[in-house]
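Note on naming: letters A, B, ... go to the chains in the order of the sequence lines (proteins, then strands), and numbering restarts at 1 for each one. Bear in mind the structure is a predicted one, so any value in this text is a computation, not a measurement.
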There are 4 protein chains.
Amino acid sequence: MTGGTAGRVGPRGRIDKRQAILDAAFPVFARRGYADAGVQEIAGEAGVAKPTVYHHFGDKENLFRATMASAADAVLADNLAVIERLRDPGEDLHAALRDVAYRMLRVCCDERSLALRWLTYAQVARFPDLIEVVQGRTAKGLGDALADRLARLSLSGRLRPCDPARAAEQLLALLTAPMEARSGLGIRKVPAAERRAVAEAAVDTFLRAYGTPTGSG
Amino acid sequence: MTGGTAGRVGPRGRIDKRQAILDAAFPVFARRGYADAGVQEIAGEAGVAKPTVYHHFGDKENLFRATMASAADAVLADNLAVIERLRDPGEDLHAALRDVAYRMLRVCCDERSLALRWLTYAQVARFPDLIEVVQGRTAKGLGDALADRLARLSLSGRLRPCDPARAAEQLLALLTAPMEARSGLGIRKVPAAERRAVAEAAVDTFLRAYGTPTGSG
Amino acid sequence: MTGGTAGRVGPRGRIDKRQAILDAAFPVFARRGYADAGVQEIAGEAGVAKPTVYHHFGDKENLFRATMASAADAVLADNLAVIERLRDPGEDLHAALRDVAYRMLRVCCDERSLALRWLTYAQVARFPDLIEVVQGRTAKGLGDALADRLARLSLSGRLRPCDPARAAEQLLALLTAPMEARSGLGIRKVPAAERRAVAEAAVDTFLRAYGTPTGSG
Amino acid sequence: MTGGTAGRVGPRGRIDKRQAILDAAFPVFARRGYADAGVQEIAGEAGVAKPTVYHHFGDKENLFRATMASAADAVLADNLAVIERLRDPGEDLHAALRDVAYRMLRVCCDERSLALRWLTYAQVARFPDLIEVVQGRTAKGLGDALADRLARLSLSGRLRPCDPARAAEQLLALLTAPMEARSGLGIRKVPAAERRAVAEAAVDTFLRAYGTPTGSG
DNA sequence: TATGAATGAGACTTCATTCAT
DNA sequence: GATGAATGAAGTCTCATTCAT
């Protein structure tokens, strides 16, 4: 009842504008790339004046870093939510994995995830430290969480004894790399059916290599 | 017979300058990225004047496309040379695959390959058609050639019956994706031992999924 | 009565801050020049926030004027103190003049005096009225006081009959102009010996033109 | 006959534009001061585009330096032309000196000379090396030339034996310093009569100190 | 009263591109 | 065919100044 809408001014003004800038910046960077994204345009889409952006972030590089970190946080949260489904896989492990795999592909291929990867790749030369920030909050966090799930499955005998980190790394590889190639780095829209096929193929190969005779049945 | 040295002027002068520009352009684009690479700098490194670049390539976009295509050709040639080794795998299939895998990782991680991927990713928004050009000459060409080898191996009973394209896709995935993650998109230098471990793990999983009981022994 | 320390808040707080701003402003203007001196920096050095400066002085121009007037007052006070020494020159007029001349040169070349002159010159186009304020409080006041002394000396027969204003003007000219040239507008540090030589030469020439056969002996 | 008008294009284009920029820059700097003079405005008055200015001078600082040097050259040339008149002073030395002094005051007080001094003063903090450039080409050159003339006069017995450099320095001091004070650093327009009076007073004092009984008669 | 936040205007500088030689 | 010179457009960043607390 005390409100909380962004339009309010006052002590909340600062934090609201800061977040508004971050929210506006990511799509612009994603559209234009770092070098071609104008601070002017970002400010415009955020509904603030250009100097306000500089007031909050100092310069364009800083703004970019903050934007990327913010986006990476959001992407990781989505991915982790999907993986949670492996905590209780039910009786049919194959089906459960397939389901999670398919959902992960959807998350990995949504606009925001792809843009995040583009931008990271694109600016790796200019912002080498960005890799740690982004990878740490996406691939690494995702891999760790997945490895946790796989370790449990291995302990409970539903996967063969193995290094769960390696297994997680490879399952992710089987999912993301083909998807990346087929989607033309995200340019081509991959139909749901094909996405499902990729997930199925990845899980199939994964279980052939890591499954137990009885685990998936 | 009148000479083919680059410095000479004459009938070859034009084509030589064109190639000199291409050769100079790729490192500059790789260092600075497309937007930050100045035509001035490229011309300077090629030893020509700026208008000469425009004379040959029309504009910066065209120059970029030509540069990327040229680099992609070179990368593909390197990769194909490696895969040729699978034409006669010898008795120990596991060892042969491991050897090829390791060599492919080396090729995929050299400076030129990485720069090519960076630039492609970075400019995918501005040059969507570049993906076809680059992927067609690298990933696709590589996948096709690898599928050919795997099909032969399957037919000869050393791999289980399978879709060779899918198998090739997954083998490449198991190789490149972990490598990409570990190398921090190429920023971190991955030691040879780790590269070897990635190759070994990939081949191991691949053969568990696609091998035959007698194929690799 | 409740205290007059600067740090205290209360009735004196306002006037203290005002003076703190003035004291901080002059060195900043002197370092950077009017256009390049930022209100931000001045506020920072004064230990107040930017709007406080605007609260007290309205705008930058006003702040500049107030700062210059304050500095000019201080410089004039120093100069007048020196000239007072001519009130009772003693028996050796030459020596007394030489002594006063030397001291005046020292005052004219201290950091604050130079900065005041720089800034006046520099902003004469933008603040034409500043000249009256500054000159009125420095050169003019100094000339008048000196003329008074010289008139007395002329009346008492120690200088030949003359227009004391003109004599003062020329004595100051013989002192300041060579000094200005030699010091490179104050950039070069003039050694005390050279300063002394300039004073001696000025007084020598002055007494040749304005002295009486018996006046200086 | 081959022409030489500024409007011509071709090989002469470069040098013409360069000079046009210099000629346009000085008045703008003089009007606005260094910081407030916009490269845009300078380019506009020179009839060229802004990048052309940067093409020729690199940056604003360089442009300023070149502009000041060019103006200093012109001012020195004017002053030297005046002093040449002392080469053959004629019978009435007093009259000759007075004439030269008056003409020098006119040169010293013309718009260009004053602007040159303003700008030098104003920017002495930011361009300390400018002082050498400007003073070297104006005050120093003028003092040397004047000293030469005075030395001749001393040798021929029309001035008493003296250090000509010191004499020149003091004559210039007696001329410029009062003028500077009276003109309010050039802001006030000094009437010709007053200028004449200053010259007369300076020469009078100078000859009292440096003349010989018969020299001026 | 003193301040953090916000703004509108404008500065310098660089770049891709095109004439005229 | 190759080049020095010139340009129009645009971008990042800073500053003096003013609300609203």
- Task: Name all residues meeting the salt bridge (charged side-chain N to carboxylate O under 4.0 Å, His left out) criterion together with B:E41; count only those two or more places apart in sequence or in a different chain, and write none if there are none.
- Result: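 Salt bridge (charged side-chain N to carboxylate O under 4.0 Å, His left out) list for B:E41, sorted by chain: B:R31, B:R32.
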
- Which residues pass the salt bridge (charged side-chain N to carboxylate O under 4.0 Å, His left out) test with A:D23, sequence neighbours left out?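 Per chain and number, A:D23 pairs via salt bridge (charged side-chain N to carboxylate O under 4.0 Å, His left out) with no residue.
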
Gap between atoms [atom1] and [atom2], on [X] and [N] respectively (whole Å):
X	N	atom1	atom2	result
D:H55	E:dA16	NE2	C1'	15 Å
B:L63	E:dT17	CG	C1'	14 Å
A:I42	F:dC13	CD1	C1'	14 Å
A:R32	F:dA10	CZ	C1'	13 Å
A:R18	E:dA6	CZ	C1'	16 Å

- Cation-pi geometry met for D:K60 and D:F29 (6.0 Å, 45°):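 Judged by the rule (NZ or CZ under 6.0 Å from the ring centre, within 45° of its axis), D:K60 is not positioned above D:F29.
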
- Message: Are B:F57 and B:F64 an aromatic pair, judged by ring center distance below 6.0 Å?
- Response: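 Distance test on ring centres: not under 6.0 Å, no.
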
- When you check the phosphate oxygens OP1 and OP2 of F:dG4, does a side-chain N or O of D:K17 lie under 4.0 Å from one of them?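 For F:dG4, OP1/OP2 do not have a side-chain N/O of D:K17 under 4.0 Å.
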
- Message: When you measure from the side-chain N and O atoms of A:T52 to the phosphate of E:dA5, is any distance below 4.0 Å, counting only OP1 and OP2?
- Response: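 Checking E:dA5 against A:T52, no side-chain N or O comes under 4.0 Å of OP1 or OP2.
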
- Query: Between A:V48 and A:I21, does a side chain to side chain contact (heavy atoms under 4.5 Å, CB included) hold up when you go through it step by step?
  - Reply: CA-CA 8 Å; A:V48 302; A:I21 293 169; 4.0 Å; yes

- Message: Strictly by salt bridge (Lys or Arg N to Asp or Glu O under 4.0 Å), give each pair with a member in residues 49-59 of chain B just once, sequence neighbours left out.
- Response: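 Qualifying pairs: none.
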
- Message: Let's see if you can work this out: which of E:dA6, F:dA2, F:dA6 has an atom nearest to the side-chain heavy atoms of D:H56?
- Response: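 My answer, after comparing the listed nucleotides, is F:dA6.
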
How long is the gap from [atom1] on [X] to [atom2] on [Y], to the nearest 0.5 Å?
X	Y	atom1	atom2	answer
D:L119	D:M68	CG	CE	4.5 Å
A:E45	A:F26	CD	CZ	13.5 Å
D:L130	D:Y121	CG	OH	14.0 Å

- Item | Helical bend (five base pairs per end, nearest 10°) for the helix from E:dA2-F:dT21 to E:dT21-F:dA2 |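 What I find for the helix from E:dA2-F:dT21 to E:dT21-F:dA2 is an axis angle of 10°.
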
- Check each residue of residues 22-30 of chain B for a non-hydrogen atom within less than 4.0 Å of any atom in DNA chain F, then write out the ones that pass by number, or none.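 Contacts with DNA chain F under 4.0 Å: none.
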
- Message: So B:L22 and B:Q19, do their side chains get closer than 4.5 Å, heavy atoms only?
- Response: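 Heavy-atom side-chain distance check passes, below 4.5 Å.
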
- Message: Base contacts versus sugar-phosphate-only contacts with protein, heavy atoms under 4.0 Å: please encode nucleotides 10-15 of chain E as B, S and - from 5' to 3'.
- Response: B-BBBB

- Query: Yes or no on side chain to side chain contact (heavy atoms under 4.5 Å, CB included) for A:F127 and A:D129, after CA distance, side-chain angles and deciding distance?
  - Reply: CA-CA 5 Å; A:F127 303 93; A:D129 58 302; 4.2 Å; yes

